[in-house]
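Down below is the structure, laid out as C-alpha cells.
Ligands are counted one by one from 1 in listed order, and the atoms in each one are counted from 1 as well. Note that the numbering runs from 1 along the sequence shown for the chain.
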Amino acid sequence: MSKAPAGHAGPDLSRYPGGEALYRVRHSAAHVLATAVTELFPEVKVAGGPPIDSGFYYDFAREKPFTPEDLARIEARMREIIAAGQPFVYSEVSRADAEKRFKAAGETYKLHFLSQIPADGTISFYTNGPFVDLCRGPHVQSTADIKAFKLTHVAGAYWLGSERNEMLQRIYGTAFPTQADLDAYLHQIEESLKRDHRKVGRELELYSIHEEVGQGLILWHPKGGMLRHLIEGFWKDEHLKRGYQFVYTPHLSSEKLFEISGHLENYADLMYSPMDIDGKPYRIKPMNCPGHIMIYNSTKHSYRDLPLRYAELGTVYRYERSGVLHGMERVRGFTQDDSHIFCTREQLADEVAGVLDLMDFLLRAFRYEYHCYLATRPATKFLGSEEEWEFATAALRAALERRGLAYEVDEGGGAFYAPKIDVKLKDALGREWQCPTIQVDLMLPKRFGVMYVGSDGKEHEVVMLHRALLGSLERFVGIYIEHTGGEFPVWLAPVQVKVIPANPKANDYAQDTARMLELAGVRVEVDLRDEKMGAKIRNAELEKVPYMLIVGPREAEAGTVSPRRKGKGQLEAMTRQAFIEMVGRDVHARQ
Ligand SMILES: [Zn+2]
Ligand SMILES: [Zn+2]
C-alpha cells in the first residue's frame, strides 16, 4: 500500500474509536466541510482535515476569522451538499497533473502534501461535486451517507503544528451514524462542560490555584478540605479494618535515598532540583516507596511478621510540563493513597486479592463501575528475570480470576520494573479514568536488600506490592466532582443541612435546631442573613446542599422541621430527632 499524504496521515482504521464505518463518515464530512467553505469563501486556501477521535476538522487559510454566523452558513451549505447526494469519486493522477492543478489554484498547502508523497507512491484524488482533494480515502459512497453532523467550533492551528509557521483556522465538527447518537454526544459535551471540576470547584469554593503559589499546586478551601477529610477518614477506617498500619515519611530526604532507589537514574526528569542542606544535596520526594522500605529495613523480619501492610496518605511532588496541568486532575503536588505490602511469594496472590477486595469496596462507595487491565512485561526494556515476571504476572492474574473480575490483557504495558493491574473508573458520563494501580515491584527489594528470614532459617527476598486505589486525592476529587456534578451524597457533603428561617421571628428556633444537629454530628449551616427566604433557598440550591430545613413559627411551636431533600422535593414534617436519624441513615447507607 502506498504511503498516505501528510494531510491525510495513514490511519489504522481498526484502532479508530467507532471503527472504520464511522471513520469513513467523518472523513467524508471533513471533505463536505471543505466543499462548503471553498464555495462560500472562494478566497480561502485549504490545508488538510482528518477525522479525529471526537469527530473531524479541516484547516483553512483566511485573513478574516470565521464567525459563529459564518459557521451557521457553512453548516447550512453542508446540509445542501449532503441532500444533493454527491458521489465520492476516486481517481489516480500523475504527479505532474496534480502539481499543475494545485499550482493553478494557488493551493500551496496541497503542494506541500503532494511533495511528501514518495516518488513511487500513488497519487490519488477524491472528488465530490466541485471539490477535489488530494486524498487516499476511504470515504462513504456519497455525501447522502452522512446522516448526522454538527460543526462545533473554530480554533487557531499552526500550519504543520509549528509555532514558526502561520496560523490557520481549524473548523471542528463531529458526525455520527444517527441523529440520536449525535444528540447523545452533544448532550455529553454540554454535561461535561457543566460539570467541569474547575468550574464547579470554584462555584462550591472547594479549591483554588494561584500564580503566587505556583502552577499545579492546589489550595484546599474549607469545603474542599471537609470533603477531603471525609474521604480520608473513610479510607483510613477501612484500612485499619483490613490490617494496614499507618506510617508517615518526610517530604524531604537526602539524595542518597533516591540514588539507592534508582529514582535519580530512572525518574530524574520528574524530580525537582536538589537543595543544599549542610553541604549535602536533598530532594523533595516524588514517591513514598523508599521511605516505607527504610521503615521495613529498620528491623529484621521473620516470615511470621509477614505480610506487613504500610499505608500512608503521602504527598509527593513531580514535575509536569505547564501545558499539561489541568485543575486538580493534573498537578505538580499530590497526595497518593499509597501503600506498600511486604510479603512472601506464597502470600502474593492472597495479598493482591485482598487489595482488589478493598478497591472494590472503595469504588462502590463512590458509585463507580470499573474495568481492570493486566499489564504484562514490556518486550525489551525490563528488570528482573523472565521467571520473576511470569511468577508475578501469574499471581496478579490468579487474584483477578479469584475475584471473578473481567479484565483485558495489556500486552507489554507493564512498567519496566513491574507487572501491574491498572483499573479504569467509568464516570456518570461514561468517560474512563485510570486511577487504581497495583504493581509487583521487581526492582526495589533488590536495590534496598529487602529481606525476611524464612522458616528454613535463611534470608529470602521479600515480594513487594505497591498500590494506590484512589490514585491521588487531588485527581480523585477532581474526577469525583465531575462524576457527581458537585451533588455530593449526604455522607460526603461538606454541608449536609442548611437551616433557613422563614422570617426573623424564627431565627432563634433555626439556631436552636442547628445547634441540636451539630451536637448530633450533622454538618449544618444556618442562614441568618437579612435576605428574602426565596433568595436563601436559591442560594442553598446553588451550594448543592442535600437537605434544606425551612423553619417558621409553626415548626417552632410544634418542635418539628419540614425537610426538603435535593432532587426529591418536600418531605413530611417530622420531629428534629427523627430528622437527625434520617440523616444518620443516609450517611450509613452512603447516600
Ligand atoms: Zn480526504
Ligand atoms: Zn510505591
Margin query: Looking only at the aromatic ring of each residue, does the gap between the centers of Phe149 and Phe56 stay below 6.0 angstrom?
Written below: no
Checklist line | Gap between atom NZ of Lys110 and atom CG of Asp133 - 0.5 Å precision | finding: 3.5 Å
Checklist line | Ser261 side, atom OG; Ile293 side, atom CD1 - distance, nearest 0.5 Å | finding: 8.0 Å
Note to self: So that I know where these two stand, are Tyr310 and His340 an aromatic pair - ring centroids less than 6.0 Å apart?
What the structure shows: no
Checklist line | NE2 (His27) to the Zn ion (ligand 1) to SG (Cys135) angle, given to the nearest 10 degrees | finding: 100°
Next item on the list: Kindly assign one of parallel, tilted or perpendicular to the pair Phe88 and His139, based on the angle between their ring planes and the thresholds 30° and 60°.
Entry: parallel
Notebook entry, point to check: So, is the end of the Arg377 side chain (NZ or CZ) under 6.0 Å from the ring centre of Phe382 and within 45° of the ring's axis?
Noted result: yes
Checklist line | Metal environment of the Zn ion (ligand 2), protein N/O/S under 2.8 Å | finding: Cys289 SG, His340 NE2, His466 ND1
Note to self: Counting backbone and side-chain atoms alike, is an N, O or S atom of His31 positioned under 2.8 Å from the Zn ion (ligand 1)?
What the structure shows: yes
Next item on the list: Look at the aromatic rings of Tyr185 and Phe176 and report parallel, tilted or perpendicular, splitting at 30° and 60°.
Entry: tilted
